[in-house]
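Here the structure is laid out as structure tokens; the discussion comes afterwards.
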Amino acid sequence: MAEEKSSRFFYQAQQRPFIKEMCEKNWGREVEEVLERADLACENTFIFTHRWDMERCETPVSFGGEVDWTYRYNGDFEWTVNLNRARFMAELGQAYWLTDDEKYASSFIRLLKDWVEHNPLTLEDVRQSKATQYNVKDTWRKLDSGIRITNWIKGYFCVRESHLWGEKEEMIFGDAVHMHGQYLSMAYTPHDQQSNWGFLETNGLFQISVLFPQFSEAKSWQEQAISRLEAMCRLQVFSDGMHNEQSPMYHHEVLHCLFESILLSEVNEMPMPEELKRTLEKMYHASFALIKPNGNQPRLSDSDDTDIRDVLTRGAALFQRGDWKCKGYKGLDYEGIWYFGEKGLSDYSALLTLSPAFGSIHLENSGYSVLRNNWSSKGHYLLFDGGHMDIIRAHGHDDFLHIDLTLFGKEFLVDPGRYTYMENEERKYFKESFQHNTTSVDNHSISSYVDSWHWDQVANITQPYWRTSDAFDFVQAGHDGYWKLDDPVQVLRQIFYVKPDYYILIDRFLSREEHVYTQHFHLDEHAELRVLKEGEEVLIEREEGEKLSMIWLDPVQLSKEESWVSRHYNQKRQAVKLTASKTGKGVTTFITALLPRSSEEEGPFSMRKIDVFSTRYEKLTDYEVTALEVKRGDREEIVVFSHQGPFSYQFADTQMTGEVLFLKKDTNSEQSWVVKT
């Protein structure tokens, strides 16, 4: 089969010496990790510690005799599917190229034969599995099969050079690849077309169709795969570039599949619909917009604390984008050399690193906003979730109006993560709104948790607005999650960022009857909390000396409790959660300053309400307007929030008209902005 094949893979045999040399020279740690996992696989021992293993497990599991491909570690089916996704097969191939050790080729062959022998599949099996959405059995789920075949192929293009790889092995492998192609071409549903599963499956089908043209169905599979990719790009990717499951983790899984399909088509000089590459570029843009100062993705909606600099590096290499390179690596990374080879390494090295054209940004369709002071690894970063729950209600968390806050490049307020997909109380704990940096009413969750993959009474976002400038960022959104109460409550969160100094967080509730309102703040597990003034100010401090002061304008009931933070699947650490509560009816408002403090001493900070008057000199109430005067050093800012829509206001010897107003003064100048008309 290999001799008949004319298509090209990402890497070819003649590139092996260069890839080996570069890996040994530049990526010793990554090579060690690959060899470690490959060595374990040679002994029928498996761990899932690659950064993009979707459900990581750092505990090695060994099989003394044959591998049990249906085994569930600690009863978790996600361990089973990771085993059957078979990333270790790709790494056995890489290990063979890097070391010339035949044990890796031998183990690839042995595990291939073992899997094929113990997991037979017929077309009749596939047809009869329609009632289970074509998930034939635990080892033949659709998305896992799409991932598995791409990993097998990566290993195959390395180990087929071994003298151990003969006609028999070629036939076994070819038959297995063909069966995967038949399965993936049949097992596709409308739900797959709307889900990340569809991309994971279709990338596998596309690679089979391109790399194995000798199959009689190859041409039709290729047409089928391209048609699916087009349809899924239109259905699943918002115009702002975010995948519509609203999860950075699965956004990047989809992006990876589209990247591999497009790169493979370019390697083979195949024409592809322009929409595919345009969509991929938009997805990279969204990844770039959301990246944290430390290079990681935010842990929203079933996402792990994964470094995405490799993602942006590949995007910058493919699209020759110097702005993306500024948050990627200076040179290609370990995975990149296997995709782009010698020419790609040279081209990326020559790519000029550029400053991004924007700082803060709002992704309109997904509702995510990022408020930055700069793009450095020591910058400030506030992420606001003002978007809806994910389209298919699967990976979404009940995190409406959640914020993440990084200061001086260190995390202070965090999303606790996901921890598990098992159906238990811990799954519920990490998904409900109480474990996000948002607000609650009377200890009710915003939406109603049903089970691990389902919600009821899902809230909708209301009153979204975004504005950015060099001097400030402003974002707001509310939701209707508490309209379901016997006495409905309206909720609105507003965030005003005076660059680069501080954030003002306003949470406003409107009701007829009395309710208990609570703000929830989850601290990074490395941060310490101290109450400086009971009910009014706390200090959150990192070991390195960076600090966050949280100051409430009006007294609140502060409470400290233990919580959990999960940075990766199957891993959790104890942390601290802070709540601020008050009881009220009518209009109830929390006004909270989030003030970064470095190890150096800054000037004193003060915040107070000031009087506001109508054009007829009538003093207005807190129900109608809130005006805040903030002083820090010799600077003074005034922010006015109208609660009655656009209006003309007199305050601080100034008259302005609008809904949100900003006045900035120092000893030499005064500037004003109508932030929201």
Side-chain angles (χ1 to χ4, degrees), residues 384-386 389 397-403 405 413 415-416 425 428-449 455-463 476-495 504-523 529 531-538 540 550-564 575-594 607 609 621-623 626 641 643:
F384 176 61
D385 183 357
M389 194 176 283
H397 287 204
D398 197 22
D399 57 359
F400 296 91
L401 314 186
H402 166 84
I403 61 171
L405 182 62
L413 303 179
D415 187 311
E425 284 300 309
K428 180 181 180 183
Y429 172 91
F430 281 97
K431 289 197 77 171
E432 283 193 317
S433 58
F434 310 115
Q435 309 314 321
H436 297 86
N437 301 323
T438 184
T439 61
S440 64
V441 178
D442 296 335
N443 203 37
H444 291 291
S445 188
I446 297 171
S447 303
S448 299
Y449 181 88
W455 292 94
D456 194 11
Q457 296 179 308
V458 173
N460 296 291
I461 289 295
T462 63
Q463 305 180 71
Q476 73 169 37
H479 64 74
D480 64 4
Y482 294 115
W483 296 7
K484 64 192 175 189
L485 301 180
D486 292 339
D487 176 50
V489 178
Q490 295 183 29
V491 178
L492 181 67
R493 170 164 277 188
Q494 297 174 303
I495 303 170
I504 296 174
L505 175 67
I506 297 186
D507 289 314
R508 190 168 184 265
F509 305 89
L510 181 62
S511 67
R512 292 182 181 274
E513 305 299 329
E514 189 172 82
H515 297 274
V516 177
Y517 303 108
T518 304
Q519 295 175 308
H520 303 264
F521 301 102
H522 294 80
L523 278 59
L529 174 68
V531 176
L532 298 185
K533 192 172 183 181
E534 188 60 48
E536 295 184 26
E537 183 176 1
V538 302
I540 303 171
M550 298 180 65
I551 304 169
W552 284 265
L553 186 62
D554 301 311
V556 294
Q557 180 66 46
L558 295 175
S559 177
K560 174 183 174 182
E561 59 188 75
E562 290 186 348
S563 65
W564 294 101
V576 171
K577 174 184 176 181
L578 173 71
T579 61
S581 301
K582 64 169 62 175
T583 300
K585 67 178 181 178
V587 176
T588 305
T589 304
F590 293 79
I591 299 175
T592 314
L594 306 175
M607 176 174 63
K609 289 182 184 178
T621 67
D622 287 348
Y623 183 86
T626 299
F641 300 91
H643 307 315

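Under a 3.5 Å cut-off, the side chain of Y482 and the backbone N or O of H444 do form a donor-acceptor pair. Between the side chain of Q476 and the backbone N or O of Q463 there is at least one donor-acceptor pair closer than 3.5 Å. Without hydrogens or angle criteria, H522 side chain to F434 main chain gives a donor-acceptor distance under 3.5 Å. No side-chain donor-acceptor contact under 3.5 Å links D456 to the backbone of S448.
At a threshold of 4.5 Å between non-hydrogen side-chain atoms, the residues H643 and V587 do not count as touching. Inter-residue side-chain proximity for F521 and I540 is flagged as unmet; no heavy-atom pair is nearer than 4.5 Å. Within the 4.5 Å cutoff, the side chain of L578 has no heavy atoms near those of the V576 side chain. Residues V531 and K560 fail the side-chain proximity criterion, which asks for heavy atoms closer than 4.5 Å.
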| request: Check the pair D554 / K609 against side-chain contact (heavy atoms from CB on, under 4.5 Å), numbers first and verdict last. | output: CA-CA 10 Å; D554 301 311; K609 289 182 184 178; 3.8 Å; yes
| query | Under the side-chain contact (heavy atoms from CB on, under 4.5 Å) criterion, do K431 and D398 qualify, and how do the steps go? | reply | CA-CA 6 Å; K431 289 197 77 171; D398 197 22; over 6 Å; no
| request: Go through K577 and Q435 one step at a time and tell me if the side-chain contact (heavy atoms from CB on, under 4.5 Å) criterion holds. | output: CA-CA 9 Å; K577 174 184 176 181; Q435 309 314 321; 4.3 Å; yes
| said: The test is side-chain contact (heavy atoms from CB on, under 4.5 Å); show your working for L594 and T592 and say whether it passes. | reply: CA-CA 6 Å; L594 306 175; T592 314; 4.2 Å; yes
| task | Could you walk me through whether D480 and T462 pass the side-chain hydrogen bond (donor to acceptor under 3.5 Å, both in side chains) test, one step at a time? | result | CA-CA 7 Å; D480 64 4; T462 63; over 6 Å; no
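Nearest heavy atom pair, residue E561 against residue T579, reads OE1-CG2, 4.3 Å. What you find for I446 and A459 is that their closest heavy atoms are CG2-CB, 3.6 Å. Residues L485 and H515 approach most closely at CD1-CE1, 4.4 Å, considering heavy atoms. Of all non-hydrogen atoms in K582 and T589, the two that sit nearest each other are NZ-O, 2.8 Å. The two residues A477 and L401 have their closest heavy-atom pair at O-CD2, 3.5 Å. Nearest approach of I403 to N437, heavy atoms of both residues: O-ND2, 2.8 Å.
Ring geometry for F590 against F509 counts as perpendicular: the plane angle is over 60°, on a 0 to 90° scale with 30° as the lower cut.
For the atom pair CG (L523) and CG (L413), the distance works out to 6.0 Å, reported to the nearest 0.5 Å. Note that CZ of F641 and CG of L492 are 10.0 Å apart. Values are rounded to the nearest 0.5 Å. Of the inter-residue distances, the one linking Q490 atom CD with L510 atom CG reads 5.0 Å to the nearest 0.5 angstrom. For the atom pair CZ of F400 and OG of S433, the computed distance is 9.5 Å after rounding to the nearest 0.5 Å. The CZ atom of R493 lies 4.5 Å from the CG atom of L505; values are rounded to the nearest 0.5 Å. Distance check, rounded to the nearest 0.5 Å: CG of D385 to CG of D399 gives 4.5 Å.
More than 12 heavy atoms of other residues, nucleotides or ligands lie within 6.0 Å of CD in E514, so this atom counts as buried by the packing criterion. Atom NZ of K484 is surrounded by more than 12 heavy atoms from other residues, nucleotides or ligands within 6.0 Å.
With respect to D487 and K585, no salt bridge is recorded, no charged nitrogen being found less than 4.0 Å from a carboxylate O.
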